[in-house]
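The block underneath contains the structure these notes are about, expressed in structure tokens.
Order of the sequence lines fixes the chain letters, A, B, ..., with proteins taken first and strands second; residue numbering starts at 1 for each chain.
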Amino acid sequence: MALIEKVPVYAEKIPGGSIVTTTLERVLSYGRATSLWYLLFGTACCAIELMCTGASRYDFDRLGMIFRASPRQSDLIIVAGTITKKMAPRLRRLYDQMAEPRYVIAMGGCTIKGGPFYYDSYAVEKGVDHIIPVDVHIPGCPPRPESLLEGCIHLQEKIKKQKLGDWHKKVRSYDQG
Amino acid sequence: MTRDDLKDYIASHFGDKLTALDTGRYDPLYELKAEHLVEVARALRDDENLKFDFLCNIGAVDTTEHFEAVYNLASTTKRLRLDFKVIMSHDNPEIDSVIDIWPGANWHEREMWELFGINIRNHPNLTRFLLPDEWDQGFPMRKDWDAPDFIRMPEPET
Amino acid sequence: MSKLHTEEFVVNMGPHHPSTHGVCRLMLTMDGERVVKIEPVIGYLHRAIEKMCENRTYVQCIPLMDRFEYVTSMSADMVFSLATEHLAEVEVPERAQYLRVIMLELNRIASHLIFYGVTAMDIGALTPFLYGLREREKIIDLFEMTCGNRLTYNYIRPGGVSKDIPPEFVPQCREVIKLIRSKLIDYEGLLNENPIWLARNKGVGVMPPELGISYGVSGPVLRASGVEYDIRRDDPYCIYDRFDFDVAVRHNGDCYDRYLVRLDEIKQSCRIIEQALDGLPEGEFKVKKINPFTFKPPAGETYARIENSRGEMGCYLVSDGTNKPFRVKLRGGSFNQLQALPYFGTGGLIADVVAIFASIDVILPEVDR
């Protein structure tokens, strides 16, 4: 059990302690959700739509999201594009290098179940779910920038509802299951 | 030189080595025996009236009886096009490399080896490059290839 | 004093890098600060498109061609449709030919605008990225009005195009061309005489023309070295012989010339589009007798080639008389350019390798398929 999962257990024993934990949760999750810095990871066609979403007409910066080139400085990875069997270990390594808590958006049909490359392709990893744990899936081939913005807003809502220690429980259940 | 002139020129100068297969459509197609490949390719590139200095593409085809390697050529100065193919046996396909004549054939030939299993003689670097490093499931572009996790599209129910 | 013992070491510009356009890995052997050898490692985006085409009907292959070259997917659809039409010997109606030319040239402008934005971003200038993509959005609006998609259009089919243009397309297209012409003056003013841009690009990565021809390099990269070879003029397809345009050529062969050639090509494409819009006839937009489900071209083989914004794009198609292609071999311009990179990209610093790689404008699915 991580240290942060033990805090609510002890805080509830003190009278009035839950007020401290809920306020702490709200502040931390608000801070995480509104300032997600994403890793530039685009392999194929969805990368062009990701670039367009970060450009002039549909702006990512208004959601607080800035691109970073290094995984050590980012807390969101938007997997945009097909992941092949040769690329899969590199994706896992990039995910492992990110600082916790980290979130994943799987963008496009190829990352959900292989997309148009499900049938007759011998080199495509059919879905990114069995490499890294995914928070939000965005369907489309490629998804419009408005879909990507909606997916990011869904992720922000999901993060704002998280309680202390939820993130660690989720990752542990993924690694075991 | 128009396409008919090209046809006559090839027939007069290379008639014994290049057999015409289909010269009526957009790109004239010839067949070449594997043992004459390097000398004919060099002659086509160096000939003053043809100057085929641009190798567009080398494609390999697996008809189930034999393998074919098709070379598509173009000339940057003379506005000409030519295709020729070399036929190899199915059991032990082997061909010479044309890398001394057109260095751009390097990666095309590596891909032919990796995906079809055609052995290229005199190639400096026949290593894996498109498939994952730990690939051990054979030559995927052959028509009789199969693997346990290869999902084929089902035929539509009519 | 004895000489210091030095040895060479290998730096890996890995598959995930903000400057490799896609997932390309470059292993750089360095001697101190200078790059001595470059070895590209590819295959991280090999999706087996050629194998998939063998189990799909001809019209079902068109969406796969879109994903083969997604920045200029009109060209990718075009080369496959051209090969199919050569085999089936169908005559495409006039209106469809004109629409194809308009869409291909608009797509060329959109691709060069992405090149402009992304190359400047690699060198370090972030403003041109926002300007280039802002203008590209206007072109994408035109495409969306016609075929419904922003990136993978699925529009040019064997026998014609899939839909006719709506009536508001022509006036809006003229507005967009006027806007792009006026914005090009801004783009040139921003970068052409900029001392940092000149210092990073002038004299860097010079490619001799003989090297380019022997490695099969084509497109703007070859034309920047002085070779005047353009398939639209030398081996014309699809009524390009009716339009009046110049072939953009420069003579130094360095990164700065490759950038200038592409800006010149945008101007020439605007000329072609205006001529095509003036001459657009009425009529059918596709051949009626091609039924997508039962279309069976006669057995044979052909090689079709077109001039893409990255060079020569080719499709070698073999048909055995059934409704599915027997073998499709695709050839993209980036394949040969990446092959030639180790021979003209060495001798500089790592920052020069970034500038050269950005200027040859490689797209990885063309290389890996």
Side-chain angles (χ1 to χ4, degrees), chain B residues 21-22 25-27 29 45 51 53-63 68 70-83 85 99 101-108 110-112 114-115 125 127-133 135 140-143 145 150 152-156 158, chain C residues 39-46 48 50-52 54-57 60 82-83 86-87 89 209-218 222 227-229 231 233-235 237 293 300-305 312 314-318 320 326-331 335-336 338-340 343 367-369:
Chain B
L21 285 183
D22 182 2
R25 292 209 194 140
Y26 290 84
D27 37 337
L29 181 64
R45 185 195 63 171
K51 283 248 176 264
D53 49 1
F54 195 85
L55 175 69
C56 302
N57 187 24
I58 308 181
V61 184
D62 175 15
T63 62
E68 294 175 357
V70 184
Y71 293 73
N72 304 104
L73 305 175
S75 167
T76 50
T77 40
K78 307 268 179 198
R79 300 188 178 197
L80 295 170
R81 279 174 64 174
L82 185 83
D83 300 339
K85 64 162 100 172
I99 210 171
I101 306 164
W102 297 293
N106 190 346
W107 280 13
H108 288 283
R110 244 173 118 179
E111 183 189 339
M112 267 198 329
E114 186 179 17
L115 295 179
N125 184 18
T127 49
R128 197 163 284 302
F129 76 148
L130 283 177
L131 295 170
D133 296 321
W135 184 267
M141 284 296 287
R142 291 194 176 186
K143 289 286 181 187
W145 180 85
F150 183 64
R152 269 189 202 284
M153 185 148 94
E155 290 296 324
T158 38
Chain C
E39 191 192 319
V41 178
I42 60 172
Y44 294 97
L45 198 55
H46 180 64
E50 296 174 356
K51 182 93 182 172
M52 289 165 78
E54 294 174 7
N55 203 15
R56 278 158 176 69
T57 61
Q60 280 175 336
L82 201 62
H86 284 183
L87 281 182
E89 288 181 351
E210 303 79 34
L211 180 85
I213 297 178
S214 66
Y215 274 89
V217 173
S218 52
L222 191 64
V227 180
E228 225 182 297
Y229 183 57
I231 299 178
R233 189 197 57 181
D234 293 336
D235 197 359
Y237 53 95
F293 300 101
E301 52 202 279
T302 184
Y303 178 70
R305 55 208 286 247
E312 173 187 329
C315 173
Y316 173 68
L317 180 63
V318 179
D320 57 351
F326 185 75
R327 165 81 167 119
V328 176
K329 165 84 163 77
L330 299 164
R331 185 254 201 231
F335 191 71
N336 293 58
L338 200 54
Q339 217 184 138
Y343 300 96
V367 177
D368 289 340
R369 271 155 283 130

- Message: Quick one, B:H108 with C:N336, criterion side chain to side chain contact (heavy atoms under 4.5 Å, CB included). Give me CA distance, side-chain angles, the key distance, then yes/no.
- Response: CA-CA 9 Å; B:H108 288 283; C:N336 293 58; 3.9 Å; yes
- Item | Value rounded to 0.5 Å, distance of NZ in C:K329 from CG in B:N57 | 4.5 Å
- Atom group of B:R110 that falls short of 4.5 Å from chain C, counting heavy atoms: neither
- Where on C:D234 is there a heavy atom nearer than 4.5 Å to chain B: the side chain, the backbone, both, or neither? both
- Provide the closest heavy-atom pair for C:R331 versus B:C56 in the form atom of the first, atom of the second, distance. NE-O, 2.6 Å
- Counting only heavy atoms closer than 4.5 Å, note whether B:D83 contacts chain C via side chain, backbone, both or neither. side chain
- Message: Testing the basics here: between B:P103 and C:S214, what is the closest heavy-atom pair and its distance to 0.1 Å?
- Response: CD-O, 3.4 Å
- Query: At a heavy-atom separation under 4.5 Å, does C:E210 approach chain B through its side chain, its backbone, both, or neither?
  - Reply: neither
- Taking every non-hydrogen atom, the tightest pair across B:W107 and C:V367: CZ3-CG1, 4.3 Å
- Note on the structure: What one should report as the nearest heavy-atom pair of B:G104 and C:Q339 is O-OE1, 3.1 Å
- Item | Residue, of B:L131, B:V61, B:I101, that accumulates the most heavy atom pairs under 4.5 Å with chain C | B:V61
- Query: Quick one: of C:N55, C:D368, C:I42, who has the most non-hydrogen atom pairs under 4.5 Å with chain B?
  - Reply: C:I42
- Item | Test side chain to side chain contact (heavy atoms under 4.5 Å, CB included) applied to C:M52 and B:M153, step by step | CA-CA 9 Å; C:M52 289 165 78; B:M153 185 148 94; over 6 Å; no
- How far does OG1 of B:T76 sit from CD1 of C:I213, to the nearest 0.5 angstrom? 4.0 Å
- Could you tell me which portion of B:N72 (side chain, backbone, both or neither) has an atom closer than 4.5 angstrom to a non-hydrogen atom of chain C? side chain
- Spacing of C:D235 atom CG and B:L80 atom CG [to the nearest 0.5 Å]: 9.5 Å
- Task: Side chain from CB out, backbone as N, CA, C, O: work out which of these in C:V318 comes under 4.5 Å of a heavy atom of chain B, or both, or neither.
- Result: side chain
- Message: For chain B, which candidate among C:Y229, C:Y303, C:Y215 shows the most heavy-atom pairs at distances under 4.5 Å?
- Response: C:Y303
- Identify whether the distance between the nearest side-chain nitrogen and carboxylate oxygen of B:E111 and C:R369 falls below 4.0 Å. yes
- List the steps, then state whether side chain to side chain contact (heavy atoms under 4.5 Å, CB included) holds for B:K143 with C:R327. CA-CA 10 Å; B:K143 289 286 181 187; C:R327 165 81 167 119; 5.7 Å; no
- Query: Which atoms of B:L73 come close to chain C, meaning under 4.5 Å heavy atom to heavy atom: side chain ones, backbone ones, both, or neither?
  - Reply: neither
- Shortest non-hydrogen contact from B:D62 to C:F326? O-CZ, 3.5 Å
- Message: Need one label for B:T127: side chain, backbone, both or neither, based on atoms under 4.5 Å from any heavy atom in chain C.
- Response: neither
- Query: Which atoms of B:R81 come close to chain C, meaning under 4.5 Å heavy atom to heavy atom: side chain ones, backbone ones, both, or neither?
  - Reply: side chain
- Message: Is B:P140 close to chain C through its backbone or its side chain, or both, or neither, when contacts mean heavy atoms under 4.5 Å?
- Response: backbone
- Task: Would you mind checking which part of C:Y44 comes under 4.5 Å of any heavy atom in chain B, side chain (CB onward), backbone (N, CA, C, O), both or neither?
- Result: neither
- Does any heavy atom of chain B fall under 4.5 Å from the side chain of C:E312, the backbone, both, or neither of them? side chain
- Message: Is C:E50 close to chain B through its backbone or its side chain, or both, or neither, when contacts mean heavy atoms under 4.5 Å?
- Response: both
- Can you tell which part of B:T63 gets under 4.5 Å to a heavy atom of chain C, answering side chain, backbone, both or neither? both
- For B:F129, does the CZ atom have more than 12 heavy-atom neighbours from other residues, nucleotides or ligands under 6.0 Å away? yes
- Of the backbone (N, CA, C, O) and the side chain (C-beta and beyond), which part of C:L338 lies under 4.5 Å from a heavy atom of chain B, both, or neither? both
